[in-house]
Amino acid sequence: MKQLVLFYFIIMALSASAQNNVNIVPMPAEVKLGTGNFVISPSTKIILEGSNLEKTAQFLNNYLQKNYGFSLKIQKENVTANAIILNYERMDMPIAGAYLMNITKEEIYIAGDNEAGAFYGMQTLLQLLPVSQNVQSLKNNIQLSIPQLAIKDYPRFAYRGMHLDVARHFFPVSFIKKYIDYLAAYKFNRFHWHLTDDQGWRIEIKKYPLLTKVGGYRNGTIIGRYPGTGNDSLNYGGFYTQAQIKEVVKYAADRYIDVIPEIEMPGHASAAIAAYPQLSCFPDEDTPYPAKCVWAGPTKGKQVQQTWGVFNDVFVPTENTFKFLEDVIDEVIPLFPSKYIHVGGDECPKENWKRSAFCQQLIKDKNLKDEHGLQSYFIQRIEKYINGKGKKIIGWDEILEGGLAPYAAVMSWRGEDGGIAAAKENHDVIMTPGTYCYLDHSQTKNEDSVTIGGYLPLEKVYGYEPIPAVLNASQQKHILGAQGNLWTEYIKNENKVEYMIFPRMSALAEVLWSPKNKRNWKDFERRLPAVFNYYKSLGTNYSKAYYELEATVIAALDSNATVAWSLESKSKEEEITVTYNGPLKIFLQQQAKGILKMPISQQGIYTGLSASSKLSQQFFFNKATGKKITLVNEPSKSYPGNGAFTLVDGVQNEKGLAKSIEFLGFNGTDLDATIDLGKVMEINEAVAHVLEETGSWIYRPASIEAFVSVDGITFTSAGKSDIFMQVYPLNKVSVSFQQIQTRYVRVLIKNSGVIPAGSAGAGEKAWLFVDEIEVK
Ligand code: ACM
């Protein structure tokens with residue numbers, strides 16, 4: 001130990017600013033680079049100086065074997081040189097997992113504060129190894145050269161989680177293990193396994209075999225984005241046996257990862273109800289499904305859902321249901337050593353409870369305020385049962401509704417408010433707000449695969465701060481950490497899982513592990529190419545979206561064009577080319593380095609090309625395109641588009657929410673825009689392109705009204721209409737009128753108001769989504 005500390009300070013003296021050359025993610029708390037290298041060769045030994053370090057040594061050997069074709073002898077006896085030594089050193093850090101690493105010419109010394117710490121030190125070492133692709137040529141004389149350095153490292157948060165939904169799409173044990181390896185590579189320590197939902201029950205429960213036999217399979221899946229263009233009519237499903245669950249839990253434990261199972265209740269229960277209809281408020285009613293979705297197979301009786309969203313057929317809170325859930329919990333608990341069992345609690349519509357005489361009587365008998373009180377009663381009862389088994393519950397932030405269960409931890413997903421409220425009530429919190437942690441959202445504005453929507457680029461994940469500033473110091477202690485979530489409605493295969501998580505999960509790892517003052521976006525950006533190389537060593541797919549051209553439509557730069565298309569590369573040296581091949585067969589081409597602003601003077605399809613990306617954009621012109629536009633009400637901060645100009649940028653959304661960046665979203669408010677056409681001209685129609693997606697609380701507008709004015713001061717109504725044209729996903733509302741001379745056009749698009757009863761989000765403010773306004 002003494003020797004080690006001395007060494008640490010010598011190295012510090014040698015190099016004060018060497019951190020810049022280290023490509024480790026997450027960035028260690030302290031790194032000091034020395035000069036020179038240590039070389040690992042097949043004759044290097046792994047020395048175990050403490051007990052229970054075999055798994056860590058074996059992991060290192062497996063990695064060496066896979067990437068470089070050799071492994072090292074593991075022994076207990078010390079040698080004086082050419083060794084990788086694994087040991088323990090007391091560091092007394094508040095959060096488990098700290099380690100020290102010192103690399104000299106003679107040895108690599110890794111000492112964990114605990115077993116996990118030694119494992120994390122080994123993970124750091126893997127990232128210091130030269131990229132495997134570059135050493136293949138040395139096959140017969142492999143020498144892996146590693147820089148001399150000293151590291152002192154420890155985690156910032158105790159809960160560093162990643163989630164995976166295996167209900168919407170099922171992933172086999174082999175891939176779950178890979179996923180766990182990815183978590184381990186980035187020092188995550190919690191795997192939240194979302195095992196049950198409307199579209200599939202994925203965990204064997206011996207007492208209720210139909211859960212997996214019936215609830216584990218669906219007769220089809222909608223094709224494409226909700227509501228879909230049809231149904232694939234393929235029987236789809238799968239489940240994990242209890243033996244497989246144990247195998248996964250052990251695999252994770254060997255990597256110092258706790259597996260937290262999620263058994264959803266009281267909502268998202270269609271698969272369980274399909275297996276055991278008595279769990280429903282209305283066992284004799286057929287499973288409802290959205291009219292606009294195509295269904296495959298029988299529609300009679302209870303069915304496993306084939307589409308996405310929130311469904312009214314939820315668990316009925318009878319003694320029979322509680323007995324069922326307790327039996328399920330009795331089988332789940334022995335499989336998972338985790339302190340926590342996740343009980344879901346999110347998105348439970350109250351419609352059926354309102355209709356059910358039994359539920360209404362129960363509300364009276366138990367003196368509950370309403371259906372939210374019933375949800376709270378449900379969760380508290382389950383909590384008590386789980387607490388009785390020595391475990392704690394976690395639930396999504398809806399478990400705050402009607403009163404929080406006394407010992408529950410809260411997973412804050414609908415923004416940070418739920419987490420803040422729970423921390424103020426002295427409950428532990430895991431932050432996983434959709435706007436920063438939902439890795440199912442698109443990571444690029446140019447996403448060409450179907451996603452659930454949203455836009456969550458790498459930089460935004462990296463910039464997330466899990467501790468809300470509004471909390472005081474003692475409340476802040478309840479923020480245990482954060483978690484990345486991967487819902488798989490639109491993620492059918494392993495490649496896509498990997499594409500969605502990487503590199504955003506690596507950014508989240510740094511948020512969760514590195515000291516706050518070590519987080520530095522510019523430095524992360526510098527390390528990103530090395531991170532990508534490491535992905536190759538891990539054998540994973542990943543997204544290169546960060547290096548794609550960034551396209552925005554901006555105001556025209558001169559009077560010859562209508563708008564301009566700005567394409568920017570991350571590298572100022574990268575050559576960008578834009579071509580246009582329109583109906584007039586006029587071929588235009590423009591080239592520039594770093595950033596190119598292409599004047600768009602003709603409608604048609606333009607293509608931008610760089611070494612790392614290619615993207616196309618179709619422009620549609622009308623009298624409003626590129627004109628000055630002002631708004632009375634600002635859109636929601638969550639859906640600001642690219643400002644008001646988005647509404648007249650000549651770009652019409654073709655992908656619905658998958659390109660939500662093209663919309664301005666108004667939560668409960670109207671869109672009230674005034675467009676200056678620049679001079680007086682004749683018009684006879686105003687059209688708004690809108691989205692309707694009621695499952696996401698987005699409703700068609702109540703009406704559109706156009707007002708005209710020659711002076712911009714006095715406006716008169718030209719016409720009002722509620723005509724709605726549905727050409728999915730390009731829905732429009734339009735108003736036509738007699739030809740009229742005007743310079744200014746005010747377009748008032750009324751929000752539909754409050755979401756009606758019987759729909760998802762009933763009673764909440766409806767969203768109005770508009771992507772383009774046309775004046776003709
Ligand atoms: C959730 O995303 N429904 C927790």
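When a ligand or atom number is given, it counts from 1 through the structure's own listing order.
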Practice item. Give the atoms of ligand 1, by number and element, whose distance to some non-hydrogen atom of W413 is under 4.0 Å. Key: 1 (C), 2 (O), 3 (N), 4 (C)
Exercise for review: Could you list which atoms of ligand 1 come closer than 4.0 Å to a heavy atom of E347?
Suggested key: 3 (N)
Practice item. Kindly state whether the ring of F769 and the ring of Y639 have centres lying under 6.0 angstrom apart. Key: yes
Practice item. Step through it carefully: locate the ring centre of H192, locate the ring centre of H342, and say whether they are under 6.0 Å apart. Key: yes
Point to revise | W201 ring center within less than 6.0 Å of H194 ring center | key: no
Using residues 325-338 as the side-chain source, report each donor-acceptor pair under 3.5 Å to any protein atom, sequence neighbours left out, with the distance given to one decimal.
{"residue": "D327", "atom": "OD1", "partner": "K323", "partner atom": "NZ", "Å": "3.0"}
{"residue": "D327", "atom": "OD2", "partner": "K207", "partner atom": "NZ", "Å": "3.3"}
{"residue": "D327", "atom": "OD2", "partner": "Y208", "partner atom": "OH", "Å": "2.6"}
{"residue": "D327", "atom": "OD2", "partner": "K323", "partner atom": "NZ", "Å": "3.0"}
{"residue": "D330", "atom": "OD1", "partner": "Y385", "partner atom": "OH", "Å": "2.7"}
{"residue": "D330", "atom": "OD1", "partner": "K389", "partner atom": "NZ", "Å": "3.1"}
{"residue": "D330", "atom": "OD2", "partner": "Y385", "partner atom": "OH", "Å": "3.0"}
{"residue": "E331", "atom": "OE1", "partner": "K206", "partner atom": "N", "Å": "2.6"}
{"residue": "E331", "atom": "OE1", "partner": "Q242", "partner atom": "NE2", "Å": "2.7"}
{"residue": "E331", "atom": "OE2", "partner": "K206", "partner atom": "N", "Å": "3.3"}
{"residue": "E331", "atom": "OE2", "partner": "K207", "partner atom": "N", "Å": "2.9"}
{"residue": "S338", "atom": "OG", "partner": "Y340", "partner atom": "N", "Å": "2.9"}
{"residue": "S338", "atom": "OG", "partner": "Y340", "partner atom": "O", "Å": "2.7"}

Review point. Does R156 come within less than 4.0 Å of E465, counting only side-chain N to carboxylate O?
Key: yes
Point to revise | For W487, the ligand 1 atoms whose distance to one of its heavy atoms is below 4.0 Å | key: 1 (C), 2 (O), 4 (C)
Exercise for review: Do me a favour and list the nearest non-hydrogen protein atom to atom 3 (N) of ligand 1 with residue, atom name and distance?
Suggested key: D346 OD2, 2.7 Å
Exercise for review: Could you find the nearest protein heavy atom to atom 2 (O) of ligand 1 and give me its residue, atom name and distance?
Suggested key: Y438 OH, 2.6 Å
